[in-house]
Amino acid sequence: MGYKNEKNVVDFCESKTESLSNWVRQVKNKSINAKTKRKRDLRIIAILSNSLTRAESELVTKQRERARKWAQMQADLGLCNKEEEFAKEQREKIDNLWKNDLSGLDSFFKELDNVKPLVK
């Protein structure tokens, strides 16, 4: 009942971005190996470099698209609002702490202004 070739199942389950990322990693390794060989084949290096450049730009595009979709989904579900509210509450707490400290200093300096020097 098991699968004969589990690698195909894993490849099928991977997302396109993940498989592209893995492919870019493998091409980078091949490119490094081709560049470090004693007998370099410039044609192979050029093909690998060109393929790598195109694949990396495609990967960046897909990652940006995925990030945009994720941000849109968070906005639709209201997840961003919760995070913003939490950050706002944290800022308010910090502001209140500073206001309390500063108001304490203000009252201290006002009391110093009210103190009259002793005349001898």
Side-chain angles (χ1 to χ4, degrees):
M1 288 290 193
Y3 293 102
K4 290 183 180 181
N5 193 349
E6 291 180 20
K7 187 169 178 23
N8 290 337
V9 174
V10 172
D11 290 341
F12 178 75
C13 293
E14 277 184 340
S15 72
K16 292 179 183 178
T17 308
E18 290 172 350
S19 61
L20 184 58
S21 176
N22 290 336
W23 189 83
V24 166
R25 187 173 25 85
Q26 289 172 354
V27 171
K28 277 184 182 180
N29 288 336
K30 287 181 183 180
S31 180
I32 290 170
N33 287 338
K35 289 177 183 177
T36 57
K37 283 184 180 177
R38 195 170 236 202
K39 280 188 154 184
R40 293 183 190 124
D41 188 352
L42 296 178
R43 182 180 57 84
I44 292 174
I45 293 172
I47 290 170
L48 289 172
S49 296
N50 187 32
S51 299
L52 186 60
T53 303
R54 285 185 179 184
E56 284 178 330
S57 66
E58 174 101 13
L59 181 62
V60 168
T61 303
K62 286 186 180 222
Q63 287 172 338
R64 286 183 181 156
E65 181 66 20
R66 180 185 263 181
R68 186 191 61 75
K69 285 180 182 178
W70 176 245
Q72 181 64 39
M73 188 172 66
Q74 283 180 325
D76 291 344
L77 295 174
L79 297 176
C80 292
N81 294 336
K82 291 179 184 176
E83 292 174 2
E84 289 173 6
E85 289 175 16
F86 180 74
K88 185 177 179 181
E89 289 174 6
Q90 293 296 325
R91 283 192 299 263
E92 288 175 357
K93 285 181 184 177
I94 292 171
D95 288 344
N96 288 337
L97 288 173
W98 277 107
K99 286 178 184 175
N100 290 338
D101 287 346
L102 292 177
S103 66
L105 286 175
D106 276 346
S107 62
F108 173 74
F109 282 119
K110 284 180 184 175
E111 288 177 17
L112 283 179
D113 286 341
N114 292 335
V115 174
K116 296 182 180 176
L118 293 174
V119 180
K120 290 185 185 181

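Because only heavy atoms are used, hydrogens play no part in the values below, and waters and symmetry mates are left out as well, while side chains stay in.
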Peer 1: Enumerate, atom names and distances included, each donor-acceptor pair closer than 3.5 Å involving a side-chain atom of residues 86-94, sequence neighbours excluded.
Peer 2:
none

Peer 1: Pick one: which of Arg25, Gln26, Glu18 meets side chain to side chain donor-acceptor pair (under 3.5 Å) with Asn22?
Peer 2: Arg25
Peer 1: Do other residues, nucleotides or ligands put more than 12 heavy atoms under 6.0 Å from Lys62 NZ?
Peer 2: yes
Peer 1: Which pair of heavy atoms, one from Thr36 and one from Asn33, lies closest together, and at what distance?
Peer 2: OG1-O, 3.2 Å
Peer 1: Using a 3.5 Å cut-off and no angle test, enumerate the donor-acceptor pairs between side-chain atoms of residues 40-55 and protein atoms at least two apart in sequence or in another chain.
Peer 2:
from  : atom 1 : to    : atom 2 : distance (Å)
Arg40 : NE     : Lys35 : O      : 2.6
Arg40 : NH2    : Lys35 : O      : 3.4
Asp41 : OD1    : Arg43 : N      : 3.3
Ser49 : OG     : Ile45 : O      : 2.9
Ser51 : OG     : Ile47 : O      : 2.9
Thr53 : OG1    : Ser49 : O      : 2.8

Peer 1: Just to verify, what does Lys28 make a side chain to side chain donor-acceptor pair (under 3.5 Å) with, not counting sequence neighbours?
Peer 2: Glu56
Peer 1: Can you list the residues that meet the salt bridge (charged side-chain N to carboxylate O under 4.0 Å, His left out) rule with Glu65, with sequence neighbours excluded?
Peer 2: Arg68
Peer 1: Using 0.5 Å steps for rounding, measure from the NZ atom of Lys37 to the CD1 atom of Ile32.
Peer 2: 13.5 Å
Peer 1: Which residues pass the side chain to side chain donor-acceptor pair (under 3.5 Å) test with Gln63, not counting sequence neighbours?
Peer 2: none
Peer 1: Among residues at least two apart in sequence or on other chains, which ones pass side chain to side chain donor-acceptor pair (under 3.5 Å) with Gln72?
Peer 2: Asp76
